[in-house]
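Here's the structure we're looking at; comments come further down.
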Amino acid sequence: MKLPKNIENTSVKIDKLVPGGQGIATLEDGIKGFFWNVLPGETVKKYEITKKKSHYFEAIALEIENLSSHRIEPKDSCYLSTSPWQIMDYTYELEQKSELLAEIFRQHEIDYLRSLNHISTDSKDFFYRNKMEYSLYYDFEDEKLHLAFRKRGTHRKIKVETSSIERPEIFKKASEIVDKLNAEHADGRKYQSLLLRCNQNGKVKGGLFENHKPHPVFKNLKDQILGEEYSYSPNGFFQINLPVYELALSEIKKYIKTEKVLDLYAGVGTIGLSVARDKDLTLVEVDKSAYQELKNNAKNHKTVLAKSEDVTDFIKPDQTVIVDPPRAGLDIKLIEKLNEITPKTIIYISCNPATQARDIKLLLEKYQIETVQPFNFFPRTPHLENLVILTKK
C-alpha cells in the first residue's frame, strides 16, 4: 500500500526536547524536524507531517526504534491531544522541565543557577485538572455522539474513551451529558463544545456552548485557597491545579515584607488576597467579567478596572508588586516604569518562562534575582509555571 504524501519513512534521531514540548532532530539536508511522541535518543522510523515550512516541519512519530529507558505506556489513547508527556516517567519529566527552564534563561544570558530551586510538585501527575473543554464527535458506525478532542496538529476530531488528566468527576459528568444527548437524539452539530469545571469538593458546574449563540452564564463555584473562600465562574479564569497553586502562594507569601502591595493582572484576586489580605492592597484587572468576581472577593480592598500598563501611577518605591501576566508577558511601558520607580520587591509568576525571561533581562537593569522557583502546575504536559523574586539592587 502506498503511504499518503504526509507520511515519511526517513530515519531521524531525536537530539533533545525543546521548550514547546517536542523533540528536535536535524535531517541530512539541515532541515529541522519537531516531533511529538518522542524522547531524546530515540530514532523515528516513520512519521506523519502535520506542518511543513521551507526550513522546518512538525510531525507525529508513528514508528520508533531505540526506545528510551524513560518511556512508559500512556494512560489514554488521546494523550497527544491533551497531555503529550504521558510517554515519560514522572521523575524524567521534572528533570526535562528543569533543563528546559535553564535553557530558556541561558538564551537570555541570565545567570540564575545559584537562585534555582527544585521544581515544586504535590506528586499527583494525573486527575488534577479542575476544568476541561470537550468537542463532540458523531460516529456514523454506532450512530452516537461521543466526547472528542482535536487531533494534535490538525482540525480533525478524535473520539475519547478515557481521559486521565481532569478530575474524575468532570469526565463522569461529561459522559452523562453525552448519554443524555444521545437519548434525546440531539444534533451534535448544534454545539460548539462542552465545558465543565469542578471545585475541590467535587461539585461540577458548566455545560454546553451552542454555535452562534452567546456563552451561557453558569452558576458560580466556590473554593477555599489557604483558608479563604473565593467565588468564580466555571467558564472564567481560575487556576487549573489548586493544590499546587497553594504551594506557589505559600512561597510567594514569604516575600511579602512591605505594608503596601500592588497586585497587577489580578484576575479574581486569588494571589493578592491569599498572600496580602492584611496589607494595604490594590488589585488591578482588565477583564470585566473577572473584575466583577474580583470586586466580590476583595470587598475591603481597592480594586481597579484597567490594563496594568495603564495604571503605572499606582507603583510606589515602598511597595511589593505582584505580576502574573498572560503568556505574552509584561508590556514594555510597565517594565520601564518598574525600572524607573523601583519598588522594593517584584514577584513575577508566569505560565510562559520564555516571555518571563525576556522581561526579567530588562528588569535586571535595576533588580537582582533572589530566587527562582518552578512549579509543576500541569503534569504530563510541557507547560511549567515559574516564580521569580526580584529585589532592588
Side-chain angles (χ1 to χ4, degrees), residues 129-133 191-199 203-225 228-242 245 248-249 252 260-277 279-315 319 321-335 337-338 347-352 355-356 359 377 385:
R129 285 186 64 98
N130 63 22
K131 178 184 178 184
M132 205 70 172
E133 189 166 1
Y191 301 105
Q192 174 188 329
S193 62
L194 168 61
L195 182 143
L196 296 173
R197 192 154 209 158
C198 177
N199 69 6
K203 181 177 279 189
V204 180
K205 299 283 187 182
L208 291 157
F209 291 160
E210 291 190 41
N211 288 315
H212 315 301
K213 287 190 178 181
H215 288 177
V217 178
F218 302 122
K219 288 184 178 180
N220 273 17
L221 286 165
K222 291 183 179 180
D223 259 309
Q224 284 206 347
I225 300 175
E228 299 290 342
E229 188 171 83
Y230 296 91
S231 173
Y232 57 96
S233 169
N235 53 335
F237 178 79
F238 201 70
Q239 283 294 339
I240 295 296
N241 188 338
L242 287 188
Y245 186 49
L249 293 173
I252 289 171
K260 295 178 182 177
V261 178
L262 177 63
D263 183 5
L264 302 175
Y265 311 94
V268 301
T270 54
I271 297 181
L273 292 170
S274 296
V275 303
R277 188 179 289 269
K279 305 293 185 182
D280 179 359
L281 175 64
T282 302
L283 304 104
V284 179
E285 174 54 40
V286 67
D287 181 84
K288 289 181 180 178
S289 176
Y291 181 71
Q292 290 305 312
E293 302 291 347
L294 174 63
K295 283 207 303 181
N296 292 334
N297 290 326
K299 289 177 181 174
N300 298 321
H301 296 279
K302 184 173 184 179
T303 59
V304 181
L305 177 63
K307 290 182 178 179
S308 292
E309 60 267 23
D310 291 342
V311 290
T312 53
D313 289 347
F314 286 105
I315 299 173
Q319 258 180 348
V321 175
I322 301 168
V323 292
D324 181 18
R327 293 188 63 80
L330 301 179
D331 187 277
I332 188 64
K333 288 193 299 182
L334 177 56
I335 294 173
K337 198 68 175 181
L338 289 168
I347 295 171
Y348 191 154
I349 188 163
S350 172
C351 61
N352 187 354
T355 53
Q356 183 189 45
D359 297 342
F377 275 37
E385 197 90 5

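We're numbering straight along the sequence, starting at 1.
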For R277 and N297, work out which heavy atoms get closest and say how close.
NH1-O, 4.2 Å
For residues N220 and E293, is any side-chain donor paired with an opposing acceptor at under 3.5 Å?
yes
Going by atom types only, do T270 and Y245 share a side-chain donor-acceptor pair under 3.5 Å?
yes
Identified side-chain contact (heavy atoms from CB on, under 4.5 Å) counterpart of V204 within the set L221, L196, N130
L196
Does any N or O in the side chain of E285 come within less than 3.5 Å of the main-chain N or O of G267, such that one atom is a donor and the other an acceptor?
yes
So which atom in L208 and which in P216 form the shortest heavy-atom distance, rounded to 0.1 Å?
O-CG, 3.8 Å
Flag, side chain of N241 to backbone of R129, donor-acceptor distance under 3.5 Å:
no
So how far is it from S350 OG to D324 CG, rounded to the nearest 0.5 Å?
7.5 Å
Quick one: closest heavy-atom pair of A248 and I349, and the distance?
CB-CD1, 4.2 Å
Between I225 and F238, is any pair of side-chain heavy atoms under 4.5 Å apart?
yes
Verify the neighbour count for atom NZ of K205: are there more than 12 heavy atoms of other residues, nucleotides or ligands below 6.0 Å?
yes
Counting only heavy atoms not in K279 (residues, nucleotides, ligands), do more than 12 fall under 6.0 Å from its NZ?
yes
Closest heavy-atom pair and its distance - C198, Y232:
O-OH, 4.3 Å
Pairwise distance OG1(T282) to CD1(I315) - rounded to 0.5 angstrom:
11.5 Å
Whether H215 and F209 hold their rings parallel, tilted or perpendicular, with breakpoints at 30° and 60°:
parallel
How long is the span from the CG atom in L249 to the OG atom in S274, to the nearest 0.5 Å?
5.0 Å
Considering non-hydrogen atoms only, spot the tightest contact between S308 and L264 and give its length.
OG-CB, 3.5 Å
Which distance, rounded to the nearest 0.5 Å, do you find between the CG of D359 and the OH of Y348?
3.5 Å
Counting only N and O atoms by type, is there a donor-acceptor contact under 3.5 Å from the side chain of R197 to the main-chain atoms of G206?
no
Qualifying residues under side-chain hydrogen bond (donor to acceptor under 3.5 Å, both in side chains), relative to Q224, sequence neighbours excluded
none
Do N199 side-chain atoms and D223 backbone N/O form a donor-acceptor pair below 3.5 Å?
no
Inter-residue atom distance K260.NZ - L262.CG, 0.5 Å rounding
11.5 Å
Nearest 0.5 Å, please: how far is CG in N211 from CD in Q192?
6.0 Å
Minimum heavy-atom distance L283-G269, with the two atoms named
CD2-CA, 4.0 Å
Go through the steps for D310 and K333 under the test salt bridge (charged side-chain N to carboxylate O under 4.0 Å, His left out), then give the verdict.
CA-CA 8 Å; D310 291 342; K333 288 193 299 182; 3.3 Å; yes
Any donor-acceptor N or O pair under 3.5 Å, side chains S233, N235:
yes
